[in-house]
Protein chains: 2
Amino acid sequence: MVVTPRNTRQRRAVAAILEDLEGFASAQEIHDLLRHRGESVGLSTVYRNLQALADAAEVDALRNDEGETLYRQCSTGHHHHLVCRACGRTVEVEGPTVERWADGVAAQHGYVDIAHTLEIFGTCGDCAR
Amino acid sequence: MVVTPRNTRQRRAVAAILEDLEGFASAQEIHDLLRHRGESVGLSTVYRNLQALADAAEVDALRNDEGETLYRQCSTGHHHHLVCRACGRTVEVEGPTVERWADGVAAQHGYVDIAHTLEIFGTCGDCAR
DNA sequence: GGTCGATTTGACAATGATTCCCATCCGCGT
DNA sequence: ACGCGGATGGGAATCATTGTCAAATCGACC
Ligand SMILES: [Zn+2]
Ligand SMILES: [Zn+2]
Ligand SMILES: [Zn+2]
Ligand SMILES: [Zn+2]
């Protein structure tokens with residue numbers, strides 16, 4: 001049977017923040033944003049809810065080069081990200097050719113159960129000035 | 001002027017381990033391997049030397065999904081990896097098309113100073129049995 | 001081989017993100 | 001309104017990695 005998560009104030013608050021965010025943000029950034037909104041939520045709870053959302057594939061998660069996990073509400077379906085290093089602004093991109101290439105090269109070497117990670121990082125036009 | 005690193009026993013030992021390794025390994029795994037070889041090296045020193053090697057582009061580094069940094073002695077030049085989840089066996093792969101696609105899509109959106117990460121994970125033929 | 005200064009080492013403390021723990025709270029079906 | 005099991009929170013714990021700094025040691029020069 002499917003577990004039905006409870007509709008708590010905290011869960012709603014985290015979801016609301018993600019709705020408003022442009023790009024990726026860390027759990028701690030989201031925690032701060034919540035506090036500044038007056039909708040204070042415990043840090044543990046922010047982590048838990050973000051992870052739950054990520055597990056449910058309702059948000060995307062990726063790790064930046066500092067090792068932090070960043071979260072963002074994305075469109076459904078498989079896609080990748082073009083992320084601004086400075087402000088986090090994100091563009092979702094698709095690359096059917098890349099998908100085929102990755103699967104093909106893995107199969108050629110006898111690998112099965114294939115997955116891949118692909119992220120593009122850069123500095124967006126505004127941040128580059 | 002170029003800094004000339006000193007040729008210490010510890011640096012040699014770390015380099016030797018990397019020579020012998022098939023796939024990627026974490027700093028702590030390498031530290032253990034060194035200990036078992038009898039060439040004991042302080043953990044801090046292992047970290048320092050691995051980072052130095054990575055900075056000098058003599059080894060590749062990537063983060064696994066547990067957040068650990070893994071190191072491997074690779075061929076020179078830009079390439080990506082097809083890594084077995086079970087045993088770490090790694091195949092270096094190149095995808096010129098992917099490189100062009102990534103740069104192109106980033107430029108289209110006005111991003112500059114572009115970099116990307118791309119790793120393929122799977123289960124190798126042996127491990128799949 | 002011996003001297004000496006600059007690097008490197010290593011044991012330990014410190015950091016920082018994330019997870020664990022657990023007493024308390026509260027959404028929700030009855 | 002009641003009661004229960006999931007949810008919360010805040011402080012401790014974890015864990016990879018980095019910082020500290022006195023002691024060890026390269027390696028250049030005599
Ligand atoms: Zn930007
Ligand atoms: Zn893809
Ligand atoms: Zn394998
Ligand atoms: Zn590439």
Side-chain angles (χ1 to χ4, degrees), chain A residues 1-18 23-56 58-72 83 85 88 119, chain B residues 1-18 21 23-56 58-72 88:
Chain A
M1 66 226 104
V2 193
V3 285
T4 51
R6 267 162 32 176
N7 178 26
T8 64
R9 171 182 69 80
Q10 293 86 340
R11 175 178 296 273
R12 264 178 275 125
V14 170
I17 287 279
L18 287 167
F24 280 88
S26 70
Q28 315 225 23
E29 285 171 342
I30 290 170
H31 178 248
D32 283 347
L33 290 172
L34 285 166
R35 170 158 300 170
H36 291 150
R37 270 197 190 183
E39 283 276 6
S40 190
V41 176
L43 183 55
S44 305
T45 302
V46 173
Y47 272 105
R48 268 190 304 250
N49 280 322
L50 286 174
Q51 230 168 12
L53 288 168
D55 289 347
E58 294 186 37
V59 301
D60 277 10
L62 64 82
R63 293 181 117 93
N64 68 7
D65 41 4
E66 273 98 30
E68 296 173 314
T69 302
L70 307 182
Y71 301 88
R72 177 175 189 265
V83 186
R85 278 190 209 84
E119 310 293 343
Chain B
M1 63 230 102
V2 195
V3 286
T4 52
R6 265 161 36 175
N7 178 24
T8 64
R9 170 184 68 80
Q10 293 86 340
R11 176 178 298 272
R12 263 178 277 125
V14 170
I17 287 279
L18 288 167
L21 282 182
F24 281 88
S26 70
Q28 315 224 23
E29 284 172 342
I30 290 171
H31 178 249
D32 282 347
L33 290 172
L34 284 166
R35 169 157 301 170
H36 292 150
R37 268 196 193 185
E39 283 276 5
S40 190
V41 176
L43 183 56
S44 304
T45 302
V46 174
Y47 273 104
R48 269 190 303 250
N49 280 324
L50 285 173
Q51 231 170 6
L53 288 168
D55 288 347
E58 294 185 40
V59 302
D60 277 10
L62 65 82
R63 292 182 117 97
N64 68 8
D65 42 6
E66 273 99 31
E68 294 173 315
T69 302
L70 307 182
Y71 300 88
R72 176 176 189 266

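Note that the structure is predicted; figures quoted are calculated from it, not measured. Residue numbering restarts at 1 for every chain, and letters A, B, ... go by the order of the sequence lines. All values below come from the heavy atoms of this structure, side chains included, with hydrogens, waters and symmetry mates left out.
Rounded to the nearest 0.5 angstrom, A:Asp32 CG and A:Ser26 OG are separated by 8.0 Å. Once rounded to the nearest 0.5 Å, the distance linking CD of B:Glu58 with OH of B:Tyr71 reads 14.0 Å.
Rounded to an integer number of Å, the gap from CG of B:Asp55 to P of D:dT17 is 14 Å. Separating the CZ atom of B:Arg9 from the C1' atom of C:dG10 is a distance of 11 Å, rounded to the nearest angstrom. Taking atom CZ of residue A:Arg11 and atom P of nucleotide D:dT8, one finds them 6 Å apart after rounding to whole Å. The separation between B:Leu34 atom CG and C:dG10 atom P is 10 Å, rounded to whole Å. Note: NE2 (A:His31) to P (D:dG11) measures 12 Å, nearest angstrom. Summarising the geometry, the separation between CD on A:Glu68 and P on C:dT19 is reported as 13 Å, rounded to the nearest angstrom. In this structure, B:Asp65 places its CG atom 15 Å from C1' of D:dA16, rounding to the nearest Å. For the pair A:Arg48 CZ and D:dG10 P, the interatomic distance rounds to 11 Å; values are reported in whole Å.
Each of B:Thr8 and B:Ala27 lies near DNA chain D, and the nucleotide nearest B:Ala27 is the one positioned closer to the 5' end. Residues B:Glu66 and B:Asn7 both approach DNA chain D. Their nearest nucleotides, taken by heavy-atom distance, put B:Glu66 toward the 5′ side.
Between B:Ile30 and B:Val46, the shortest heavy-atom contact is CG2-CG1, 4.2 Å. The two residues A:Gln28 and A:Tyr47 have their closest heavy-atom pair at NE2-OH, 3.4 Å.
Residues B:Leu21 and B:Arg72 are not in side-chain contact: their nearest non-hydrogen atoms beyond the backbone lie 4.5 Å or more apart. The shortest distance between side-chain heavy atoms of B:Val14 and B:Thr45 does not fall below 4.5 Å. At least one side-chain heavy atom of B:Ile17 sits under 4.5 Å from a side-chain heavy atom of B:Arg37. Side chains of A:Val83 and A:Phe24 form a contact here, defined as non-hydrogen atoms less than 4.5 Å apart.
Residue A:Thr45 is in base contact, counting any heavy-atom pair closer than 4.0 Å across all strands shown. Looking at heavy-atom distances under 4.0 Å, B:Asn49 makes contact with sugar-phosphate atoms alone, never a base. At the heavy-atom level, B:Ser26 lies nowhere under 4.0 Å from the strands shown.
Between C:dT18 and A:Tyr47, a contact under 4.0 Å exists linking OP1 or OP2 to a side-chain N or O. Residue B:Gln51 places at least one side-chain N or O closer than 4.0 Å to OP1 or OP2 of D:dT18. Using a 4.0 Å cut-off, some side-chain N or O of B:Gln10 falls inside it from OP1 or OP2 of C:dG10. Phosphate proximity of C:dT18 to A:Ser44: absent, as no side-chain N or O sits under 4.0 Å from OP1 or OP2.
Of the candidate nucleotides C:dT18, D:dT17, C:dG10, D:dT17 has the atom nearest to the side chain of B:Thr69.
Between its opening and closing five pairs, the helix from C:dG1-D:dC30 to C:dT30-D:dA1 changes axis direction by 30°, a value rounded to 10 degrees.
A donor and an acceptor atom sit less than 3.5 Å apart, one in the side chain of B:Arg6 and one in the base of C:dT7.
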